[in-house]
Every structure is written in structure tokens, then in C-alpha cells.
**Student:** 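Before anything else, here's the structure in question.
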Amino acid sequence: MTFWEHLDELRKVLFRSALFIAAFMVVIFLAKDFVFGKIILAPIDSDFALYRLFDSVLVKFGLPALEPFKIELINIELSAQFFIHISTSFYLALVISMPFIIYQIWLFVKPALYDNERKAAIGAFTFAGILFFMGVLVGYYLIFPLTLRFLGTYQVSADVANQISLQSYISMFTWLILIMGVVFEMPSLAAILSKIGILSKSFLKSYRKHAFVILLVVAAFITPSGDPFTLMAVGFPLYALYELSILVCRDFDK
């Protein structure tokens, strides 16, 4: 195939991916009550799964349960709710469509690979897809609820009430969840770099201390609020992924 024929194939991949995202976006947009009521806004009160889990663990150890928790969201812009509805539908559709997009990318690169390379690529794509959704779930069920509960209830004075805008809530929700999905690709990237001989297990082990500091800096850049609590909530999972990257890498010395 010529360069332009390759470009035409890539255009088809992008078109099919965009069409798939658009279809899911319409479905999510129409299912507004379920999507916002049962999923996006679920962490704003004590009935969320993580908070109930904490309560059950505390009760088992004879400790008092967490205080009742409820955040009231407000909207201060006339058109904000409509555009938030559209943008949130797009981001959710993008996350749900990720397996299809990865499959389309695989179909595009597959003809250029030898049989042994195809086997390795299938494993890499599968591993990357699983890690992405693991990151999304960790962001939704752990990182975001903990961040929301801490920042949403923190007050410098009882005289200053927290009034959280819908825009602020959705911005942190989408950013934290998507970024956790992306950063969970770290072990997949490490495995690929190790497979082609660029990264080794011994190298990652020797730079553990440096990596811890660098990952905290990265966490500071990717956290939308920049507060210490969110920084640590994102930083420790990043370091856990670094340790997982060590496990999946090859050791050239051996």
C-alpha cells in the first residue's frame, strides 16, 4: 500500500471510532436520569458503596460509623447544566468505547506485523485495555469519593459554608477518573519497553527512590485541586503501579 492508501485506512479507523463514540454518546445523553442519578452523582451522599464499606468495617471493630455525609451542588450559570450534560456524555462514551477503539487500532497495525509480533501485540493491547478500566474503577470507587468527602466537608470555619458548583464537581469527576485510566497504563508501557530491550527490571529497582519523588511531582501536576490529600491519594496508586511495572519487566542481567 502507498502512503495515501495507509492514510485512507487510518481515516476509516478514525471514522468508525468517532461513529461508535457518537452512538454511545446519544444513548448516554438520553439516559440522563440513570447516568447522573445512579452513577455520576452517587458519591455525594453516605449511601455510596465506599462509604458503606467503611461503615461496616468500623462497626465490626466496635468503632462509631462515619458521620452522615451529603453535598448539595449548585449551578450558577444559565447554560452550564446543558453543556455539562453534553460534555459528560462524550467523556463517558469515550471511556465505554475504548475497547472498540483499541480493536480498531489493532486492525490498522496488524497487517504490518509478523506472526510472533502479532501474538505479543495482542497481549499488549489486552493488558492495556484491562489496566485502563481498572484505573477508571479505582478512580471512581476510591480516589474520587475520598477526595470529594475530604474537600467537600473541609471548612476553615463553621461560619463559611461550602457551596460546590456543578461545574467544579463534574470537572474533578471526569479529570480524576480519566487520568487514573491513563496512568494505569504504566505497567503496559513498561512491559512493551522491556520487550524491545529498552527497560529492565534492575534499572527500575535501582531508581525506586527517585521514582517515588518523580511520581509525587507527576501526581501534583495531574490533580485538579492541588491539595495534599488528593496528591497522596493519586501518588500512592502511581507508586504501586511502578512496583507492578517492575514485576512485568524482564531482567536482562539474568
Side-chain angles (χ1 to χ4, degrees), residues 17-57 65-77 79-103 128-154 162-185 222-225 227 229-230 233-234 237:
S17 300
L19 193 63
F20 203 78
I21 293 173
F24 267 110
M25 184 177 173
V26 171
V27 173
I28 294 171
F29 186 87
L30 296 176
K32 178 182 68 173
D33 293 338
F34 175 79
V35 170
F36 280 87
K38 301 295 184 181
I39 300 175
I40 296 177
L41 300 180
I44 66 175
D45 59 42
S46 298
D47 196 43
F48 189 64
L50 181 68
Y51 310 143
R52 287 190 280 109
L53 176 63
F54 283 169
D55 286 340
S56 61
V57 171
L66 298 174
E67 294 183 3
F69 170 72
K70 178 71 175 178
I71 286 183
E72 298 290 340
L73 300 178
I74 62 171
N75 178 52
I76 58 176
E77 295 182 14
S79 60
Q81 295 204 48
F82 176 70
F83 286 109
I84 285 172
H85 188 190
I86 294 177
S87 62
T88 305
S89 299
F90 168 75
Y91 287 125
L92 291 180
L94 180 63
V95 170
I96 296 173
S97 303
M98 195 56 64
F100 180 81
I101 296 173
I102 292 175
Y103 178 68
I130 293 173
L131 286 175
F132 177 80
F133 282 104
M134 285 179 61
V136 169
L137 291 175
V138 168
Y140 177 73
Y141 282 105
L142 183 64
I143 305 299
F144 177 72
L146 290 178
T147 303
L148 176 67
R149 179 142 192 159
F150 175 76
L151 295 180
T153 58
Y154 187 86
N162 283 329
Q163 290 187 320
I164 301 171
S165 69
L166 179 64
Q167 178 69 46
S168 174
Y169 178 91
I170 294 296
S171 176
M172 179 171 285
F173 177 87
T174 54
W175 178 255
L176 272 182
I177 290 176
L178 285 176
I179 203 66
M180 289 306 297
V182 173
V183 299
F184 260 64
E185 299 296 338
I222 66 178
T223 49
S225 59
D227 63 282
F229 182 85
T230 309
V234 174

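All heavy atoms count here, side chains included; hydrogens, waters and symmetry mates do not.
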**Student:** Where do Ile143 and Pro237 come nearest, in terms of heavy atoms and distance?
**Tutor:** CD1-CG, 3.9 Å
**Student:** Look up atom CE in Met98 and atom CZ in Phe132, then write down how far apart they are to the nearest 0.5 Å.
**Tutor:** 4.0 Å
**Student:** Please enumerate all residues that pass side chain to side chain contact (heavy atoms under 4.5 Å, CB included) together with Asp55, with sequence neighbours excluded.
**Tutor:** Ala65, Leu66
**Student:** What pairs with Ala22 under side chain to side chain contact (heavy atoms under 4.5 Å, CB included), at least two apart in sequence or on another chain?
**Tutor:** none
**Student:** Show, in sequence, the C-alpha distance, side-chain angles and deciding distance for Leu146 and Phe54, and conclude whether the side-chain contact (heavy atoms from CB on, under 4.5 Å) test is met.
**Tutor:** CA-CA 11 Å; Leu146 290 178; Phe54 283 169; 3.7 Å; yes
**Student:** Main chain of His85, side chain of Thr88: is a donor-acceptor contact present, judged purely on distance under 3.5 Å?
**Tutor:** no
**Student:** For atom CD1 of Ile76, is the number of surrounding heavy atoms from other residues, nucleotides or ligands below 6.0 Å larger than 12?
**Tutor:** no
**Student:** Listed by chain and number, what are the ring pair (Phe, Tyr, Trp, His ring centres under 6.0 Å) partners of Phe82, not counting sequence neighbours?
**Tutor:** none
**Student:** For Phe144, give me all partners under ring pair (Phe, Tyr, Trp, His ring centres under 6.0 Å), at least two apart in sequence or on another chain.
**Tutor:** Tyr169, Phe173
**Student:** List the atom pairs, with distances to 0.1 Å, where a side-chain N or O of residues 25-50 and a protein N or O form a donor-acceptor pair under 3.5 Å, not counting sequence neighbours.
**Tutor:**
from: Asp45; atom 1: OD1; to: Asp47; atom 2: N; distance (Å): 3.0
from: Ser46; atom 1: OG; to: Phe69; atom 2: N; distance (Å): 2.5
from: Ser46; atom 1: OG; to: Phe69; atom 2: O; distance (Å): 3.2

**Student:** Quick one: side chain to side chain contact (heavy atoms under 4.5 Å, CB included) partners of Ser17, sequence neighbours excluded?
**Tutor:** Val13, Ile101, Gln104
**Student:** Of the non-hydrogen atoms in Tyr154 and Asn162, which two are nearest, and what is the gap between them?
**Tutor:** O-ND2, 3.0 Å
**Student:** Once you round to the nearest 0.5 Å, how far does CD1 of Ile21 lie from CG of Leu92?
**Tutor:** 12.0 Å
**Student:** Write down the atom of Ser97, the atom of Phe24, and the distance for their closest heavy-atom approach.
**Tutor:** OG-CD1, 3.7 Å
**Student:** For Leu131 and Glu185, work out which heavy atoms get closest and say how close.
**Tutor:** C-OE2, 4.2 Å
**Student:** Are more than 12 heavy atoms, taken from residues, nucleotides or ligands other than Tyr141, located less than 6.0 Å from that residue's OH atom?
**Tutor:** no
**Student:** At their closest point, which heavy atom of Tyr91 faces which heavy atom of Leu178, and how far apart are they?
**Tutor:** CD2-CD1, 3.6 Å
**Student:** If you round to the nearest 0.5 Å, how far is OG of Ser171 from CG of Leu176?
**Tutor:** 9.0 Å
